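Computed from a predicted model, the values in this text were never measured in an experiment. Throughout, a chain's letter reflects where its sequence line sits, starting with A, and its residues are numbered from 1. What's counted below: heavy atoms across the whole structure, side chains too, no hydrogens, waters or symmetry copies.
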Amino acid sequence: MEPSKNIPEDFLKPYNSLEKEGEILSLWESSGYANPDVCVEKGVTAVDAETFSIVLPPPNVTGTLHMGHAAMLAIEDILIRYHRMKGYKTLWLPGTDSAAIATQSKVEEALYKEEKKTRHDIGRENLLARIDIFTEASKAIIIDQTKRMGSSLDWSRYAYTMDAPRYKAVMTAFVRMYESGLIYRGDRIVNWDPKLQTTVSDEEIEYKEQTDPFFYMQYGPFQIATVRPETKFGDKYVVMHPDDERYAQYEHGEQIELEWINGPITATIIKDEAADMEFGSGVMTITPAHSLVDFEIAQRHGLDIEQVIDDRGILLPIAGEFAGTHIKKARPMIVEKMKEKGLLVRVDEKYVHNVATNSRGGGMIEPQIKRQWFVGVNREFTIPHSKIPGIASGSTTTLTALMRASVASGSIQIVPEHFEKIYSHWVDNLHDWCISRQIWFGHRVPAWTKDGEIKVSIESPGEGWEQDSDTLDTWFSSGLWTFSTLGWPDDTSDLRTFHPTSVLETGYDILPFWVARMILMSAFLMGEIPFHQVYLHGMVRDGQGRKMSKSLGNIINPLDMIEKYGADATRLSLVIGAQIGNDLKLSEDRVRGYKHFANKVWNITRFVLESIESRVGPWDSTVLNDEDEEKVREAHRLAADVSKHLDSFRLDLAADLVYHFVWHRFADEIIEESKAVLKGNDPALRTSKQRMLYEILIISLKLLHPFMPFVTEAIWQKLPALSSVEGPEKESDLLMVAKWPQLR
RNA sequence: GCACCUUUAGCUCAGUUGGUUAGAGCGUUCGAUUCACAUUCGAAAGGUCGCAGGUUCGAAUCCUGCAAGGUGCACCA
């Protein structure tokens, strides 16, 4: 068969992703089809169609796209494109996150590097202005990178955590929770970061293993041990287990005199089960102001709590001669003094322990007692209306009860299922949530004080009222994300149409941080679940299964992959072989392999078009003979299987199935077998083959589209207006909104 | 310490409620081809399904124990 002159020229060379992708992107963008309203207007979606909605987990404004984002975008876009083609009213809503602590610390670092100034030198307003400039500049980068993955997000609904509608939502949520008695102020021990001068949530703490000298000291008749002698000045309680026979002679509450760092003190014996008999001597002294465990012991027994270290890490007057010294400097000096006084028994130089650090770019955590705002997760309140199974409208309940009921009732399904256990374990152990932060960038606490009086309201209560200087934990606003992005607290049509959202797709590492808090907020404020299903994907690792990190130098940048192999290949490499919830090993070779596949699809099209155009026969519905009809049916059966896998979130199997069909069944067998007939002289047989090949090509393009939208759309755009050659007409201008194949 | 995940071909992984000779891709070896394919196609080799028990007519699949690797949570003064 001689090559046709009528083949679009592009098909005569290999598929060039770099050249096509920009073109296709602007085609999609100008079509407006990512917006469900446009789809209804243009008649591609029925007015009363079922809805399918996903809210994009907003990437940090200051970040750049990494493979984790790329995987998230690929997975969600596949689900979105699939449902859009199936005729759902489909919304994928984009946004970005201000990432309060991380962003502010970045700007502060730059400020110090460039001008040797701290935030206190330039003041709140100036710092916020600088942060604005910084975030506006980097926002554009992450948005552009997100688009290049082929994400069919509806940018007309774009939301930013710090924009005005979201700010209003956060303020409203705070006030409502306060009025229901769920938000309270209290002095509690919190994770204090002396470097960033703010509290840090439990989840944001990262424990790092460290080797330090371990000091054994004589404390009256007891031996105690510590890594941190600088906290020991105020220790006047000595704790042991009530069942520890070695210390049976001591009574709870008994007082003993002893010589300590700065002279004689009176210590009180406390018997508490928190003391571990197996560890060291089984005796410890406590520092309630700077240790969570010690604080709890002190509370149980009503003990005095004295602060020893201030917010910046400086010793207070209680430290006597060491007062005013930074703890780092003071430690060796204190050890030296104890040695002189004969209090130091021995030192274990190789003691390995975990040290709490702030994972958001901060320093070592120094627990402190602070006046903070809290959400009481176990406080009772009356829920006005509830659609959550097991929770009646008007009943008395708690936030943890709502969180439990939402998942336990099956109302929210977590995929893979075993994460439901992790979720419930987390909810069961939830402490009151400290929501105030002492940083400046963020949603400011809507509380006002005047002459010791306090009022909570969105607007200032009037003249002379001063607003609380704290801002809210970034997860407080993130918790509202599924509905604040849809217009809440206003009763918008978007909110009525798209909430609860269909699926929340995110990495499994973020389950407690975010997923649980969205369930909490949605249950309390909306009386409903935020999403029906939670799909958790795994982490993207390097070819050897290691975490990608700068220090290892094994980072694979998604944008490099897009440039070298195309966005389609990049997407496929992140989906095929990635089982739900399991980590994925990604190597450049994988991506390269899928680039070949994009080219294969390109060439299949070329062959089919050549076969059709050079030998056009009349098209009609009876043109297919039984043998070819069966092949088309086979493709439809495949479509059904692919749909089944997509419906159960097995994107890996769905993609693998189409990949295998297109390459090894359609190209290797069906096309190969058809060559003889196409070259032959029987017009009826030939026409049947042509029609069969064309129909299977169309089905293949549709099935491939969610996975590799660029190459398939590029092909679709080049398909000749087949009506003019009497072929089946192209049913829509864009493949993006073509109809998903149905079983026939 | 507690919980969870993983373990199937050299590598990366499928194997859905237990059911014939356990599959794919990459890689390897051999062959064909430049007739849609910056190539492609065909064929072959390669597995005691982590180990040990158990249930069953039948187990990669279910149960128990163990081992190795990984992750999360807790944490010790």
Side-chain angles (χ1 to χ4, degrees), chain A residues 1-4 7 11-16 202-203 205 207 214-217 219 222-229 231-232 235 238-240 274-287 291-294 297 351-356 416-422 424-426 428-429 508-509 511-512 538-539 541 543-547 573 576-587 589-590 592-611 641 644-645 648 650 652-653 656-657 659-660 663-664 667-669 671-672 675 678-679 693:
Chain A
M1 182 174 63
E2 68 281 6
S4 161
I7 288 288
F11 288 107
L12 300 178
K13 36 182 200 190
Y15 174 63
N16 183 338
D202 291 345
E203 287 76 22
I205 285 184
Y207 287 93
F214 198 48
F215 305 99
Y216 290 81
M217 296 175 300
Y219 189 80
F222 308 107
Q223 237 184 57
I224 60 161
T226 185
V227 187
R228 309 195 50 196
T231 63
K232 295 287 155 194
D235 289 15
V238 56
V239 183
M240 59 209 68
D276 181 356
M277 289 189 273
E278 307 292 315
F279 189 84
S281 63
V283 177
M284 63 177 174
T285 61
I286 57 169
T287 314
S291 152
L292 177 63
V293 180
D294 293 2
I297 295 171
Y351 179 67
V352 180
H353 65 138
N354 290 320
V355 178
E417 208 184 339
H418 74 259
F419 280 105
E420 289 188 7
K421 271 189 209 160
I422 295 173
S424 67
H425 183 257
W426 187 81
D428 290 343
N429 294 300
Y508 63 70
D509 54 332
L511 181 75
M539 304 292 111
R541 296 168 175 280
Q544 285 137 58
R546 302 172 304 176
K547 257 185 189 159
S573 71
I576 296 188
Q579 236 229 81
I580 310 176
N582 282 353
D583 292 350
L584 171 78
K585 294 186 185 121
L586 181 78
S587 60
D589 285 343
R590 271 176 76 92
R592 191 180 297 123
Y594 292 118
K595 178 198 163 87
H596 291 152
F597 181 58
N599 194 50
K600 184 77 185 178
V601 178
W602 190 252
N603 273 299
I604 287 171
T605 308
R606 172 179 170 181
F607 178 84
V608 172
L609 292 186
E610 280 178 357
S611 313
D641 289 341
K644 198 186 75 197
H645 285 313
S648 53
R650 290 304 304 263
D652 56 327
L653 295 183
D656 194 54
L657 217 50
Y659 175 91
H660 201 257
W663 198 321
H664 302 295
D668 291 354
E669 293 173 4
I671 287 183
E672 288 304 321
K675 283 180 179 173
L678 290 169
K679 283 181 202 159
L693 291 177

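Regarding contacts with the backbone of B/C41, a side-chain N or O of A/Trp663 is found under 4.0 angstrom from either OP1 or OP2. A/Asn599 has a side-chain polar atom (N or O) that falls below the 4.0 Å cut-off from OP1 or OP2 of B/A38.
At the heavy-atom level, A/Ile671 lies under 4.0 Å from base atoms of the strands shown. Residue-level contact check: A/Val293 touches the backbone only, with heavy atoms under 4.0 Å from sugar-phosphate atoms and none from bases. Counting non-hydrogen atoms under 4.0 angstrom, A/Asn582 reaches the backbone sugars and phosphates but no base. A/Lys585 comes within 4.0 angstrom of sugar-phosphate atoms only, judged by non-hydrogen atoms across all strands, and of no base. Note on A/Asp668: only backbone sugar-phosphate atoms sit closer than 4.0 angstrom, heavy atoms only; bases stay farther off. A/Thr285 comes within contact range of the sugar-phosphate backbone alone, with a heavy-atom separation under 4.0 Å but no base atom that close. Counting non-hydrogen atoms under 4.0 angstrom, A/Ile576 reaches nothing in the nucleic acid. Contacts of A/Arg590 with the nucleic acid, taken as non-hydrogen atoms under 4.0 Å apart, involve only primed sugar atoms and P, OP1 or OP2. Across all strands, A/Lys675 comes closer than 4.0 Å to base atoms (heavy-atom distances).
Considering all non-hydrogen atoms of both residues, A/Leu693 and A/Ile671 come closest at CD2-CG1, 4.0 Å. In this structure, A/Met539 and A/Asp583 approach most closely via the heavy-atom pair N-OD1, 2.9 Å.
The 12-atom threshold is not exceeded at NE2 of A/His425, counting heavy atoms of other residues, nucleotides or ligands nearer than 6.0 Å.
For A/Lys232 against B/A77, no side-chain N or O and base N or O form a donor-acceptor pair under 3.5 Å. In terms of polar N and O atoms assigned as donor or acceptor, the side chain of A/Gln223 never comes within less than 3.5 Å of the base of B/A77 in a complementary pairing.
Applying the Watson-Crick and G-U wobble criteria (two distances, each under 3.5 Å), B/C13 pairs with B/G23.
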